[in-house]
Amino acid sequence: MLDQRFDPAEAETRLYKAWEARGCFKPSGDTSAQAYSIVIPPPNVTGVLHMGHALNNTLQDVLVRFERMRGKNVLWQAGTDHAGIATQMVVERQLAEAGNESRREMGRDAFVDRVWAWKEESGGAIVGQLKRLGASCDWSRLAFTMGDRAEPDNNMMRAVTKVFVELYKKGLIYRDKRLVNWDPHFQTAISDLEVDQREVNGHYWHLRYPLADGVTYEHPVKDEDGNVTGTETRNYIVVATSRPETMLGDTGVAVHPDDERYAGLVGKFVELPIVGRRVPIIADDYANPEKGSGAVKITPAHDFNDFEVGKRAGHTPLNILNATAHIVDGADADAAGIPADYRGLDRFDARKKVVETFEALEMLQEIENLKIEQPFGDRSNVVIEPWMTDQWYVDAKTMAQPAIAAVKEGKTRFVPENWEKTYYNWMDNIQPWCVSRQLWWGHRIPAWFGPNGSIFVCNTEGDAWASLLREEERPFTQDPSSREVTIPHSELAWVLSRFSPSARSLLEENESDPDASDPTDLMLNSAILRSSGRIEEFRKEVLKQDEDVLDTWFSSALWPFSTMGWPDKTPELETFYPTATLITAFDIIFFWVARMMMMGIEFMGEVPFKDVYIHALVLDEKGQKMSKSKGNVMDPLELVNEYGADALRFTMGRMAGQGRNIRLSKQAVESNRNFATKLWNAARFAEMNECGAPGEIDFAKVTSPVNRWVLGELDACEAEATKAIEEYRFNDAAGALYKFIWNVLCDWYLELIKPLLMGMDDTAKQETRDVCGYVLDETLKLLHPFMPFVTEELWERRAAGRVDEQGFLMLQSWPQYDIARDAGADDEIQWVIDLITEVRSLRNDLGVPAGSKIPLSLVNAGPVIEDRAYRHEDILKRIARLEDIVVSEAVPDGAVSTVVGETVVALGIADQIDVAEARNRLDKEIGQLDKDIMSTEKKLGNEAFVSKAPPEIVEENRERIVDWTGRREKLKAARKSLEDL
RNA sequence: GGGCGAUUAGCUCAGUGGUAGAGCACUGCCUUCACACGGCAGGGGUCGCAAGUUCGAACCUUGCAUCGCCCA
């Protein structure tokens, strides 16, 4: 006997383990079946499951379970990404909390060891959380963007290196010195996408820059209304800035070429306070006459716009900040003329000091308070500085072209379609992608810096050495598989003595000639160098690998093929690339979707996925983004614990309408938990009534109308759910299932069959038990993708031992029926439902006591209706609480009548009710019919409508009038019979 | 400033040209032999505003208003 309720806490873990143990999540391997694959958007290895993940993975799991049941060979590729900054941050914080030595104190190798150790131990907790949700990923193929440390030659590592090297060879990756978004906290460059532009309360400081050489000009003076009333003589020019400290690096002041106020000043100079630098006033369109004073200071080394202006004016940028956003010291400071008391100051202290100095000089004209857009690091939350550095860039503009074309040509389709626009918009305006990061946790950039500024971008260090030696025309041998290079001792001495300063000075100390080339001398040099035991150190001076690592998204961009074994030619790649669908949120279109498109097309020659389904964001119930600072974060695992994974999943599914955000509330989850209970109790009812698991049903042999009807309804539900899932209308699929299970199966079918199950007709009873059991089992299949746990549990519990014989529900075939709906049965059951509903409504409205049984007469109903009434007498009496059902020629005395279909139905309740209320009720309905009939008649009286509207619509309206008029007449008669009471 | 989207019942949302819908909440009745995490019945909307197209507009067009998101 089933308990009264499903216990998710007990069942979910048990069922999940059983599925996993039996390998249910792996591809079937059936090569004759259609392949279907999805790659998981890899969560951060540091991540914890949030609502976005819960939605994202629920939808993927629905698709994957659905397609698996449809017999496809399904791979849901699992994995996590290494999340460079985030992970490094986590481990650094741990070190600090434990009072251990810092990352820099412990050194790179030790730190990276530490991160790996952390990853092995506690990284990827999110995998366990995804399992709680029921995600049926193939965990045996769990991938990681950094590969497997125990296997240094793993394909994930090789893939990244190969892509970098090949793009470099094609000129699609290059090194460049330009302004980057610099994160002073992590001391790394970050990409545009990792910068959050936030509106904050800020200031514009209006600074007066003294004009050099005694120059003055007439500046217009305005009154309160903005009218120019005269001019004043100024020996300064005013510039407004939100970052006063950058004035230390100014190289000029720009005004608009058409700005008459300053026309005479172009070509003159200002003398910068503090640094005492003389910089020119230039004309440039960038200056906006409407904004501030119309004159703008130019700091090319610390502002993206100023950089361009400076370039046009031929200014050399002056760097005034170091990597930690302190004012520079040393040579840079000398070049910029920075006074000693500014050197080494934090940028915000420097700002304060600059402002104070201007104030003291009486050169601070005004402080304006206003909202300004300020860039913040999305991980560090510190203000980002534009900073000039050498970085590696991907030529995204070139790579974007085929990626744009692929969508235009329909090779990849966005669902909903309008996300295409976002994609195009981004792709059309794409900027060079800065892929290097000054971090330690990540894929080391496969580039080696050699002598005289040479750079070798190679798959291995051996290849880099080979390239160098080849360039220098020195002999060597290289192992074809390991790529390791063997260099003769004398040749190594030749190279080291020329390119390693340390080797050179060692030789000089030993009074040997570093520039020797005679074989005997080289042997001697070699002996000296080797005996020092510092060969490795010397070699590293000659060829030094780039210290930097790649942006995490660089490796994520390869995800759809790297996870399948690329660059090796694997069966998985052959079978499962390109993937069917990518499911993700819109905020990742730029970061990830676009980049996968580029890389997939470049290296696989084919788009990585056919469909991209963009789902909603999950917001709180007020429509606010969930965030820790707002304190409105809902934890999916808490909801799973409280209501079960099925409830959360079904809530997500029901709310996942295309193009809509999801406002999640606890209440919604609760109501879907109740839905699971409802289903559970339907099964409990079946169990009590010995409705077993017949397996198959021959529709043609089913005789009872109610059974024929419910099979037709099941068929319709299946058709709708199937189509909806195929079209990514998850909410429609879930809605159809909800409606069928609750409003058809439970509300009506199970009620209607009670008399049959308790009756004496054994044939009908057996048929009903079979159909009921069958429909329930089929329902479990249909609901399984959304609610895997409760359905799987019922599958087993409804027929003991079934799993051993037939396997898990999750591996059953998706239903597809071939049932011709029986219109006669449908009409009949609909009539029963209508009659019951009408009687209930009347009883309620007129206040007939719930318990009292009343007589019902069918007035002049005709043989068909009488027949129906007879057939369903038991159920009618039971649900409508009728004493008996009789056929009569007229409305009996003391009866209140109404109309069901075309039949007048009379209830013998006049003695129990308020007759006035009964009249009132009828008047109300007759009044409504009057109104409806009149407006429809008016419509039909309209010449234009009749001639122009489609004939079937006109006909529909005519039929409506006939129906309504007939009904109205009968209601009027009923009303009349109440007159006499 | 550019782009995208939203505006329908108290709340959350379906509904893309032909009689305005669901869930939740609310009201009343019911501890009826699957389920009170339940059953039955009911109240509640001039579909943001205005103009236009059309025989007919929640739906198409234009404008406006308000809100949200993305990008600069």
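Below, chain A is the first sequence line, B the second, and so on; all start at residue 1.
- Closest contact between the side chain of A:Lys421 and the listed nucleotides B:C37, B:C4, B:G18 involves B:C4.
- The same atom, C1', is picked in B:U8 and in B:A41; the two are 25 Å apart, to the nearest Å.
- To the nearest whole angstrom, the two C1' atoms, one in B:U66 and one in B:C29, are 43 Å apart.
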With a cut-off of 3.5 Å and sequence neighbours excluded, list every side-chain donor-acceptor pair involving residues 946-953 of chain A.
unit_1, atom_1, unit_2, atom_2, d
A:Ser947, OG, A:Glu943, O, 3.0
A:Ser947, OG, A:Ala944, O, 3.3

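- Using a 4.0 Å heavy-atom cutoff across all strands shown, A:Lys739 reaches no nucleic acid atom at all.
- Put simply, CG on A:Leu752 and CD1 on A:Ile833 are 6.0 Å apart, with the number rounded to the nearest 0.5 Å.
- A salt bridge is defined here as a Lys NZ or Arg NE, NH1 or NH2 lying under 4.0 Å from an Asp or Glu carboxylate O, and A:Lys754 with A:Glu751 meets this definition.
- When rounded to the nearest whole Å, the span between CG of A:Asp428 and P of B:G3 equals 14 Å.
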Per-nt protein contacts along nucleotides 51-58 of chain B (heavy atom under 4.0 Å; B base, S backbone sugar-phosphate only, - none) come out as ----B---
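- RNA chain B is contacted by A:Asn844, A:Asp845 of residues 842-849 of chain A, taking any non-hydrogen atom closer than 4.0 Å.
- The interatomic distance linking A:Asn689 (CG) with B:C35 (C1') rounds to 14 Å, in whole Å.
- Both tests do not hold together for A:Arg178 against A:Phe307: distance to the six-membered ring centre under 6.0 Å, angle to the ring axis within 45°.
- Within the nucleic acid shown, A:Arg840 comes within 4.0 Å of sugar-phosphate atoms alone, with no base atom in reach, counting heavy atoms only.
- The CZ atom of A:Phe650 sits 16 Å away from the C1' atom of B:U12 (whole-angstrom rounding).
- Note: CG (A:Leu940) to P (B:U19) measures 13 Å, nearest angstrom.
- One interatomic measurement links the two molecules: CZ of A:Phe414 to P of B:C4, which rounds to 16 Å at whole-angstrom precision.
- In this structure, the nucleotide among B:A34, B:C69, B:C37 sitting nearest to the side chain of A:Phe586 is B:C69.
- Within the nucleic acid shown, A:Thr837 comes within 4.0 Å of sugar-phosphate atoms alone, with no base atom in reach, counting heavy atoms only.
- Scanning atom types as modelled, one donor and one acceptor separated by under 3.5 angstrom connect the side chain of A:Glu751 and the base of B:A34.
- You'll find the side chain of A:Asp306 reaches within 4.5 Å of the side chain of A:Tyr286, heavy atoms only.
- With respect to A:Asp777 and A:Arg798, a salt bridge is recorded, a charged nitrogen being found less than 4.0 Å from a carboxylate O.
- To the nearest whole angstrom, the two C1' atoms, one in B:A51 and one in B:G23, are 36 Å apart.
- Residue contacts shown for A:Ser841 are limited to sugar-phosphate atoms, with no base heavy atom under 4.0 Å away.
- The nearest whole Å value for the distance from the CE atom in A:Met652 to the C1' atom in B:U12 is 15 Å.
- Distance check on atom P: B:C13 versus B:G17 gives 24 Å, rounded to whole Å.
- Scanning for ring-ring contact (aromatic ring centres under 6.0 Å, His included) contacts around A:Tyr749 gives an empty result, with sequence neighbours left out.
- A salt bridge does not link A:Glu420 to A:Lys408: none of the charged side-chain nitrogens sits closer than 4.0 Å to a carboxylate oxygen.
- Listed nucleotides: B:C35, B:G18, B:U32. Nearest to the side chain of A:Glu956: B:G18.
- A ring pair (Phe, Tyr, Trp, His ring centres under 6.0 Å) with A:Phe590 holds for exactly one of A:Trp553, A:Trp426, A:Trp433; it is A:Trp426.
- A salt bridge links A:Lys723 to A:Glu727: one of the charged nitrogens lies within less than 4.0 Å of a carboxylate oxygen.
- Phosphate proximity of B:G38 to A:Gln4: absent, as no side-chain N or O sits under 4.0 Å from OP1 or OP2.
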Output the pairing pattern of RNA chain B as a dot-bracket string, 5' first, Watson-Crick or G-U wobble with both distances under 3.5 Å, | for cross-strand pairs, [ ] for crossing pairs.
((((((((.[[[[.)..(..]]]].(((((.......))))).....[[[[[..)....]]]]]))))))).
Please tabulate, one pair per line, each protein N/O and nucleotide N/O from nucleotides 23-25 of chain B that are separated by under 3.5 Å, including the distance.
unit_1, atom_1, unit_2, atom_2, d
B:C24, O2', A:Gln667, OE1, 2.8
B:C24, O2', A:Gln667, NE2, 3.3

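- In the set B:C37, B:C70, B:C35, the nucleotide with an atom closest to the side chain of A:Arg673 is B:C37.
- Put simply, CD1 on A:Ile833 is 11 Å from P on B:A41, counting in whole angstrom units.
- As a whole-Å value, the separation of A:Asp747 CG from B:A22 P is 13 Å.
- Nearest nucleotide to the side chain of A:Phe590, out of B:G18, B:G39, B:C70: B:C70.
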